[in-house]
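All values below come from the heavy atoms of this structure, side chains included, with hydrogens, waters and symmetry mates left out. Start at 1 and go down the list; that is how both ligands and their atoms are numbered. Numbering starts at 1 and runs along the sequence shown.
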Amino acid sequence: MKASIAVLPGDGIGPEVISKAVEVLSKVAGKYGHEFKFTEAPMGGNAIDSTGQALPDATLKLCEQSDAILLGAVGGPQWDGPTATVRPEHGLLKLRKHFDLFANLRPVKAYPALAQHTPLRADLLEGVDMLFIRELTGGIYFGPRAEQGDSDSAYDTEVYSVPEVERVAHVAFRAAQGRGKKLASIDKFNILASSRLWRRAVVRVHEDYPEVELEHILVDACTMHLLVRPASFDVIVASNMFGDILTDEASVLAGSLGMLPSASLGSGAFGLYEPIHGTAPDIAGQGKANPTGTILSTAMLLRYTLGLENEAQAVEQAVEKVLADGARTADIAPRGGSYISTDEFAGAILAQI
Ligand code: NAD
């Protein structure tokens, strides 16, 4: 199979983890007889510095001509000032909106090899394997806002329409159908009008998937349920902001924020693949970044955009084997224990593929 992949390394640890993901995809291509063409382009803070735009037109054009986008992460303190008018994350939001990538899939798995590393009891982590589906192109991240420099007030608006909720709910119910047939829908029904609309739309879509068991959970309660009964979750669907926050919390179950991949999909096969973490300025350039989330994002790219299930599983199994063999980056090493660099860890995964 031939595929063109736009590679946007981004800022901070982005280029460090993306280079490893490209090596993994190249290895898969060589082993299974595929031809993947990678083209790099600036996005985020580095693009602001070089072009004044977070998402330069040429980068957007490259993405339009590609089958998928592989992205590191964008942002950093040098572009985060409160009065900055062009922000790195504007590029990311624009990219998601431009391609109407409304469903962000974030699988969260607890690896037995890392159970001792998390702050939770190992028995609570047994069997933890859930799929978050975060709505990605609506809600408070895109609603009307007033941000008036130094004035005394500002606002952001959570806006959802029924069709926006229904389409992401369909993705979630379909995913649940193919897994454990359980869906948890997260909202703040008791307080927010937008959440009452969310729940009404999800209940409507449930009529099309009667075999899926649906549970509604208030977002504040969900933060607690994720820690006390994580193994009971199968698929979870949430709004843009609730999904963003809950998946960072859920990353603790996997051992580190650096472990989690994501796929942002629209109605076709095109997708944007990125780890859920940010640019980690505190460890950038030190060889300490965990490339697992980005490497597992390539497995999602192989699965969802290219339909290469065997290849996707080969990458996932390589990651599991390396973890089971005891290889650790700094973030998942036992306290005071030894760890290997980003390059060495990725090298071990490559050797397994
Ligand atoms: P972060 O995810 O970058 O880092 C949070 C903590 O997790 C840090 O201690 C970091 O060292 C650690 N961490 C993250 N990824 C890791 C990895 N792969 N390996 C090992 N440790 C890892 O979040 P933050 O510090 O709140 O944000 C830093 C910058 O990233 C900000 O500018 C923010 O806007 C940006 N950001 C970007 C994205 C994105 O591009 N999708 C997402 C979140 C944050």
- Message: At less than 4.0 angstrom from any non-hydrogen atom of Gly75, what atoms of ligand 1 do you find?
- Response: 32 (O)
- Item | Polar contact flag for His277 and ligand 1 (N/O pairs, less than 3.5 Å) | yes
- Query: Which of the listed options, Gly10, Pro281, Ala280, holds the heavy atom that is closest to atom 4 (O) of ligand 1?
  - Reply: Ala280
- Message: Can you confirm whether Arg328 sits close enough to Leu114 that some side-chain heavy atom of one is under 4.5 Å from a side-chain heavy atom of the other?
- Response: yes
- For Leu257, the ligand 1 atoms with a heavy-atom partner under 4.0 Å come out as 2 (O), 5 (C), 7 (O)
- Message: Looking at Glu316 and Lys109, is any side-chain nitrogen of the basic one under 4.0 Å from a carboxylate oxygen of the acidic one?
- Response: no
- Query: Can a protein heavy atom be found under 4.0 Å away from atom 18 (N) of ligand 1?
  - Reply: yes
- With a 4.0 Å heavy-atom cut-off (strictly under), which part of Val74 contacts ligand 1: side chain, backbone, both or neither? both
- Please report the closest heavy-atom contact between Leu125 and Ala110, naming both atoms and the distance. O-CB, 3.7 Å
- Task: Could you tell me which atoms of ligand 1, counted from 1 in the order shown, lie closer than 4.0 angstrom to a heavy atom of Gly76?
- Result: 32 (O)
- Between Thr51 and Ile48, is there a donor-acceptor pair closer than 3.5 Å when you use the side chain of the first and the backbone of the second? no
- Query: What atoms of ligand 1 come closer than 4.0 angstrom to any heavy atom of Ile13?
  - Reply: 15 (N), 16 (C), 17 (C), 18 (N)
- Message: Would the distance check show the side chain of Asn104 and the main-chain N or O of Glu135 forming a donor-acceptor pair, the cut-off being under 3.5 Å?
- Response: no
- Note on the structure: Here the pair of heavy atoms bringing Ser185 nearest to Leu214 is CB-CD1, 4.1 Å
- Query: Heavy-atom contacts under 4.0 Å between Asp80 and ligand 1: side chain, backbone, both, or neither?
  - Reply: side chain
- Note on the structure: For Gly278, the ligand 1 atoms with a heavy-atom partner under 4.0 Å come out as 1 (P), 2 (O), 3 (O), 30 (O), 36 (N), 37 (C), 38 (C), 42 (C), 43 (C), 44 (C)
- Message: Heavy atoms only, cut-off 4.0 Å: how does Glu274 contact ligand 1, side chain, backbone, both, or neither?
- Response: side chain
- Query: If you count the atoms of ligand 1 from 1 in the order shown, which ones are under 4.0 Å from a heavy atom of Ala289?
  - Reply: 19 (N)
- Going by the 4.0 angstrom heavy-atom rule, the piece of Thr279 near ligand 1 is both
- Out of Ile283, Ile276, Asn290, indicate the one that has the non-hydrogen atom closest to atom 21 (N) of ligand 1. Ile283
- What do we get for Leu92 next to ligand 1 when only non-hydrogen atoms under 4.0 Å count, side chain, backbone, both or neither? side chain
- Please check if any side-chain donor atom of Tyr32 sits under 3.5 Å from a side-chain acceptor atom of Asn310, or the reverse. no
- Please name the pair of heavy atoms, one in Ala175 and one in Val235, separated by the smallest distance, quoted to 0.1 Å. C-CG2, 4.1 Å
- Distance below 4.0 Å between atom 26 (O) of ligand 1 and any protein heavy atom? no
- Task: Could you please spell out the steps behind the side-chain contact (heavy atoms from CB on, under 4.5 Å) verdict for Leu246 and Glu249?
- Result: CA-CA 5 Å; Leu246 290 174; Glu249 183 194 3; 3.8 Å; yes
- Would Glu211 and Gln177 count as a side chain to side chain donor-acceptor pair (under 3.5 Å) if you check the C-alpha gap in whole Å, the side-chain angles of each, and the deciding distance to 0.1 Å? CA-CA 8 Å; Glu211 67 281 26; Gln177 258 184 335; 2.3 Å; yes
- Query: For ligand 1, is any non-hydrogen atom under 4.0 Å from Thr294's backbone (N, CA, C, O), its side chain (CB onward), both, or neither?
  - Reply: neither
- Item | Glu274/Arg96 under salt bridge (Lys or Arg N to Asp or Glu O under 4.0 Å): CA gap, chis, key distance, verdict | CA-CA 12 Å; Glu274 56 178 324; Arg96 292 168 178 168; 3.2 Å; yes
- Item | Ligand-residue contact atoms, ligand 1 with Ala73, heavy atoms, under 4.0 Å | 40 (O)
- Message: For atom 9 (O) of ligand 1, what's the nearest protein heavy-atom neighbour? Residue, atom name and distance, please.
- Response: Asp282 OD2, 2.9 Å
- Task: Please say which of Asp343, Thr292, Thr298 ends up in a side-chain hydrogen bond (donor to acceptor under 3.5 Å, both in side chains) with Lys20.
- Result: Asp343
